[in-house]
Amino acid sequence: MTFADLHAEVQQFYARQMHLLDAGDGEGWAGTFTADGVFAMPSAPEPVRGRPTLAAGVHEAAAKLRAAGEVHRHIVGMVAVEPLPDGTLKVDSYAQIVATPRGGHPRLHLMCVCHDLLVREKGQLRVRERRVTRDDRP
Amino acid sequence: MTFADLHAEVQQFYARQMHLLDAGDGEGWAGTFTADGVFAMPSAPEPVRGRPTLAAGVHEAAAKLRAAGEVHRHIVGMVAVEPLPDGTLKVDSYAQIVATPRGGHPRLHLMCVCHDLLVREKGQLRVRERRVTRDDRP
Amino acid sequence: MTFADLHAEVQQFYARQMHLLDAGDGEGWAGTFTADGVFAMPSAPEPVRGRPTLAAGVHEAAAKLRAAGEVHRHIVGMVAVEPLPDGTLKVDSYAQIVATPRGGHPRLHLMCVCHDLLVREKGQLRVRERRVTRDDRP
């Protein structure tokens with residue numbers, strides 16, 4: 001497997017993962033994490049662990065957005081892929097979150113940095129660990 | 001042809017296509033569609049079909065931007081490529097449109113989702129069908 | 001080396017280069033240019049040349065941002081890679097610069113176009129020449 005193969009797969013992984021997230025597909029999104037996957041985000045006091053909790057977080061966020069009449073898009077860019085000796089992938093990226101109210105103007109809601117550890121399970125990339133920081137809370 | 005080959009070609013295709021669009025090169029941009037290519041966008045009541053009409057739309061938009069003293073940039077991201085059994089490519093992506101007035105501050109003008117059907121003609125990728133939705137008009 | 005190999009390498013190059021820049025790592029960033037690399041940017045009256053001067057510019061900018069309590073992110077997208085006959089790479093891209101004040105909201109600070117000439121030195125891509133234009137100063 002060349003670096004180009006790996007890079008394309010990682011880019012595709014993030015595209016699909018963010019499409020699932022922004023569509024509010026909690027189970028689909030949680031399935032892109034390992035069963036015991038961990039997501040440490042700035043808005044939660046403790047890291048979230050495991051697919052049921054990850055999925056529930058997406059459903060909750062989607063319900064809030066529907067109630068507020070807003071659409072969110074997660075746009076991941078500047079993806080740096082570093083294959084580690086143990087076969088896992090360290091991936092650092094930037095994530096813009098864009099919010100658009102129904103009938104209104106889009107705005108850049110949050111600017112984040114995403115530190116992932118990706119592993120391969122049954123041929124598929126999955127997040128074992130994700131740590132996200134917000135630029136407004138350095 | 002590996003998935004990496006395809007992925008790189010698709011990314012390059014969008015980069016060039018958006019450069020042509022933002023430069024106001026109507027003919028160049030229309031040439032990235034098939035001769036009977038269709039573009040369904042939210043701001044038009046009917047889908048636009050065929051290169052002459054596609055090119056005319058770009059020229060009209062470019063003239064308006066020049067008159068308004070604004071530059072627009074189309075930034076496509078989160079590109080998910082799905083090769084279909086018939087050899088065409090289903091590509092879903094996000095598109096940010098950034099507007100910058102001369103001497104002013106850039107703003108996120110529109111947040112869109114782009115659903116493309118790409119085909120290969122004489123070795124080149126082309127859009128047979130493009131459907132764009134705006135997040136402010138769900 | 002296929003186009004996919006080259007494309008992945010270029011994407012990775014920009015991701016790492018922007019991470020170094022936004023981290024204020026002047027020497028690391030300057031090391032992604034050739035020893036006599038040139039950077040022509042709109043905010044400077046003359047092009048900046050050579051690693052020491054490039055690094056000093058990053059340190060100065062980072063100090064200003066720290067004093068202002070802001071974080072900047074450079075997000076490069078729509079990367080079009082054109083291999084030239086002499087083995088160099090002409091790369092045109094868009095660059096969003098996002099600024100986030102501590103405790104505040106992120107904003108799109110600048111929208112730029114980046115024209116690079118990349119060369120390979122000891123197996124690594126490096127910028128020999130970079131010319132950046134700002135959309136607000138056409």
Side-chain angles (χ1 to χ4, degrees), chain A residues 1-15 18 41-43 68 70 72-84 89-101 104-116 118 125 131-138, chain C residues 1-25 28-29 32 62 65-79 81 83 93-112 114 123-125:
Chain A
M1 198 177 203
T2 66
F3 181 73
D5 292 327
L6 198 59
H7 191 268
E9 191 181 357
V10 168
Q11 296 279 355
Q12 177 90 346
F13 174 80
Y14 282 111
M18 298 308 148
M41 60 192 133
S43 52
E70 275 200 2
H72 278 198
R73 301 288 174 195
H74 291 71
I75 305 172
V76 174
M78 297 290 88
V79 176
V81 182
E82 187 187 344
L84 300 183
L89 298 176
K90 183 177 174 299
V91 185
D92 297 319
S93 63
Y94 292 164
Q96 294 172 286
I97 304 179
V98 172
T100 309
H105 297 287
R107 67 178 190 280
L108 186 50
H109 178 59
L110 289 178
M111 184 71 230
C112 298
V113 177
C114 182
H115 304 280
D116 275 359
L118 303 185
L125 291 182
R131 187 166 51 84
V132 170
T133 59
R134 285 168 54 164
D135 278 358
D136 57 321
R137 300 182 186 169
Chain C
M1 196 178 202
T2 67
F3 181 73
D5 291 327
L6 198 58
H7 191 268
E9 191 182 358
V10 169
Q11 296 280 353
Q12 178 89 347
F13 174 80
Y14 283 111
R16 288 203 165 136
Q17 196 190 41
M18 298 307 148
H19 293 177
L20 290 166
L21 175 59
D22 296 333
D25 182 346
W29 185 74
T32 65
L65 288 174
R66 268 195 306 277
E70 276 201 2
V71 175
H72 278 198
R73 301 288 174 195
H74 291 71
I75 306 172
V76 174
M78 298 289 88
V79 176
V81 181
S93 64
Y94 292 164
Q96 294 173 286
I97 304 179
V98 171
T100 309
R102 193 181 298 130
H105 297 287
R107 69 179 189 280
L108 186 52
H109 177 59
L110 289 179
M111 185 70 230
C112 298
C114 182
Q124 301 294 312
L125 291 181

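Here is the naming used below: chain letters follow the sequence lines, and residue numbers restart at 1 for every chain. The shown structure was predicted, so the numbers you read here are calculated from the model rather than taken from an experiment.
Chosen from A80(A), A8(A), G77(A), the residue pairing most often with chain C at heavy-atom distances under 4.5 Å is A80(A). Per-residue counts of heavy-atom pairs under 4.5 Å with chain C were compared for T2(A), V79(A), D92(A), V81(A); the largest is that of V81(A). Note on H19(C), R107(C), R102(C), Q11(C): by heavy-atom pairs under 4.5 Å with chain A, the leading option is H19(C). By number of non-hydrogen pairs under 4.5 angstrom with chain A, the leading residue of E70(C), H7(C), H74(C), H105(C) is H74(C).
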Item checked: Stepwise side chain to side chain contact (heavy atoms under 4.5 Å, CB included) check, L108(A) with Q96(C) -> CA-CA 12 Å; L108(A) 186 50; Q96(C) 294 173 286; over 6 Å; no
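Taking every heavy atom of both residues into account, M78(A) and V76(C) meet most closely at CE-O, 3.1 Å.
Of the inter-residue distances, the one linking E82(A) atom CD with Q12(C) atom CD reads 8.5 Å to the nearest 0.5 angstrom.
Residues passing the side-chain contact (heavy atoms from CB on, under 4.5 Å) test with Q17(C), sequence neighbours excluded: F13(C), Y14(C), W29(C), T32(C), F33(C), V127(C), R130(C).
Residue L110(A) touches chain C through its backbone alone, counting heavy-atom pairs closer than 4.5 Å.
Counting only residues at least two apart or in different chains, salt bridge (charged side-chain N to carboxylate O under 4.0 Å, His left out) contacts with residues 6-17 of chain C comprise E9(C)-R120(C).
Between Y94(A) and V98(C) there is no side-chain heavy-atom pair separated by less than 4.5 Å. In this structure, the side chains of T100(C) and R134(A) stay at 4.5 Å or more apart for every pair of heavy atoms.
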